[in-house]
Amino acid sequence: MYFDTHAHYDDDAFDADREQLLKSLGEKGVELIIDPGCDAPSSRRALELAEKFPFVYAAVGLHPEELDKYSPESFEEICSMARHPRCVAIGEIGLDYYWDASHKEEQKELFRRQIELALELDKPVIVHDREAHGDCLEIVRDYPGLRGVFHCYSGSAEMAKELLKLGWYLGFDGPITYKNARKALEVLELCPPDRMLIETDSPYLSPVPMRGKRNDSSNLRYVSEKIAQVKGISPEEAAAVTMANGRRLFGMEIS
Ligand code: NI
């Protein structure tokens, strides 16, 4: 059974069939899902899904691409939603210099404020880092008690080693199945099995052979199979270890 630790079912791409799709995932082996918000309204929608479906949990946060939606009110709303019992993490948060390299300081400030919220509530963070590897590493290093995942990890092997030393988890997504996946596979090879998470980032990043189509959590098996192949373990072991890792990081262990 699979744990998709990153899927945006609050996205418009699922408006036509969201409920049927979510209801069908159990029989396709998907046991747990985290839906991370990107701004206040999408975080609210993620929480609504988490209230409705027992296997869906939410994360709430302001994504760096949504910097222009930041206001004291939207931040207040994130802080209040973050206390909801179905909210298991703060995310997705981070830095995106591909999207916007002209507001780096504002992005960093927003990232730090949300890290501080996560620490205050003792919840992990889901980090989005796109072309901002050095600054992301520098910021997370400032918070020794912080835990979380670098979602769809795209940094270097050297940085991965640093993050692993600091206790971070790394998220692997559809791109590890792509032909040009050299760097991501190098990182996967060095990542200890107990720090790997599998994600779809649905509706984006569909793995091969579904590349180009809308993604959903039933495609997680292609990511998990690739992990099994690279790590030399069975697909069942890959699913089981990533399930256990997700449960541990997000505080959903079965007692
Ligand atoms: Ni995402």
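This chain uses plain numbering: 1 for the first residue, then up along the sequence. Note that these values count all heavy atoms, side chains included, but never hydrogens, waters or copies made by symmetry.
Evaluation of the side-chain hydrogen bond (donor to acceptor under 3.5 Å, both in side chains) rule for Tyr2 yields no partner, not counting sequence neighbours. With sequence neighbours left out, the side-chain hydrogen bond (donor to acceptor under 3.5 Å, both in side chains) criterion links Lys69 to Asp39, Glu66.
The heavy-atom pair separating Leu190 from Ala157 by the smallest distance is CD2-CB, 3.6 Å. Shortest non-hydrogen contact noted between Ala59 and Ser43 is O-OG, 4.4 Å. When all heavy atoms are compared, the tightest approach of Ala238 to Ile227 is CB-CG2, 4.2 Å. Considering all non-hydrogen atoms of both residues, Pro235 and Glu225 come closest at CB-CG, 4.4 Å. The two atoms that bring Pro193 and Asn245 nearest to each other are O-ND2, 2.8 Å, heavy atoms only.
Between the side chain of Tyr9 and the backbone N or O of Leu49 there is no donor-acceptor pair closer than 3.5 Å. Arg147 places a side-chain N or O within 3.5 Å of a backbone atom of Leu249 that can act as its donor or acceptor partner. Side-chain atoms of Lys183 come within 3.5 Å of backbone N or O of Ser154 as a donor-acceptor pair.
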*Take Val241 and Met196, measure what side chain to side chain contact (heavy atoms under 4.5 Å, CB included) needs, and give me the verdict at the end.*
CA-CA 8 Å; Val241 74; Met196 312 179 300; 3.8 Å; yes
*Would you check, one step at a time, whether the test side chain to side chain contact (heavy atoms under 4.5 Å, CB included) holds for Val127 with Phe111?*
CA-CA 9 Å; Val127 175; Phe111 188 24; 4.0 Å; yes
*Asp129/Leu95 under side chain to side chain contact (heavy atoms under 4.5 Å, CB included): CA gap, chis, key distance, verdict*: CA-CA 5 Å; Asp129 162 19; Leu95 304 175; 5.6 Å; no
*Kindly indicate, with the supporting measurements, whether the criterion side chain to side chain donor-acceptor pair (under 3.5 Å) is fulfilled by Tyr222 and Ser206.*
CA-CA 9 Å; Tyr222 299 112; Ser206 290; over 6 Å; no
*asked:* Evaluate Glu65 against His128 for side chain to side chain donor-acceptor pair (under 3.5 Å), listing each step before the verdict.
replied: CA-CA 10 Å; Glu65 279 182 30; His128 170 100; 4.7 Å; no
_Before you tell me yes or no, could you show the steps for Tyr70 and Arg113 under side chain to side chain contact (heavy atoms under 4.5 Å, CB included), namely the whole-Å CA-CA distance, both residues' side-chain angles and the distance that decides it to 0.1 Å?_
CA-CA 12 Å; Tyr70 168 77; Arg113 288 193 68 180; 2.5 Å; yes
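For the side-chain contact (heavy atoms from CB on, under 4.5 Å) with His8, the qualifying choice from Thr200, Asp201, Asn215 is Asp201, the only one to do so.
Stacking of Arg247 on the aromatic ring of Phe3 is not recorded, the 6.0 Å distance cut-off and the 45° axial limit not both being met.
The 12-atom threshold is not exceeded at OH of Tyr204, counting heavy atoms of other residues, nucleotides or ligands nearer than 6.0 Å.
Salt-bridge check for Arg214 with Asp17: passed, with a basic side-chain N closer than 4.0 Å to an acidic carboxylate O. Taking the charged nitrogens against the carboxylate oxygens, Lys108 and Asp135 do have a contact shorter than 4.0 Å, which makes a salt bridge.
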Residues 167-175 side chain polar contacts: donor-acceptor under 3.5 Å, at least two apart:
from: Tyr169; atom 1: OH; to: Arg248; atom 2: NH1; distance (Å): 3.0
from: Asp173; atom 1: OD1; to: Cys152; atom 2: N; distance (Å): 3.4

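Residues Arg141 and Leu166 meet the side-chain proximity criterion, which asks for heavy atoms closer than 4.5 Å. In this structure, the side chains of Asp68 and His103 stay at 4.5 Å or more apart for every pair of heavy atoms. Ile126 places a side-chain heavy atom less than 4.5 Å from the side chain of Phe250.
For the atom pair CG (Leu21) and NZ (Lys28), the distance works out to 6.5 Å, reported to the nearest 0.5 Å.
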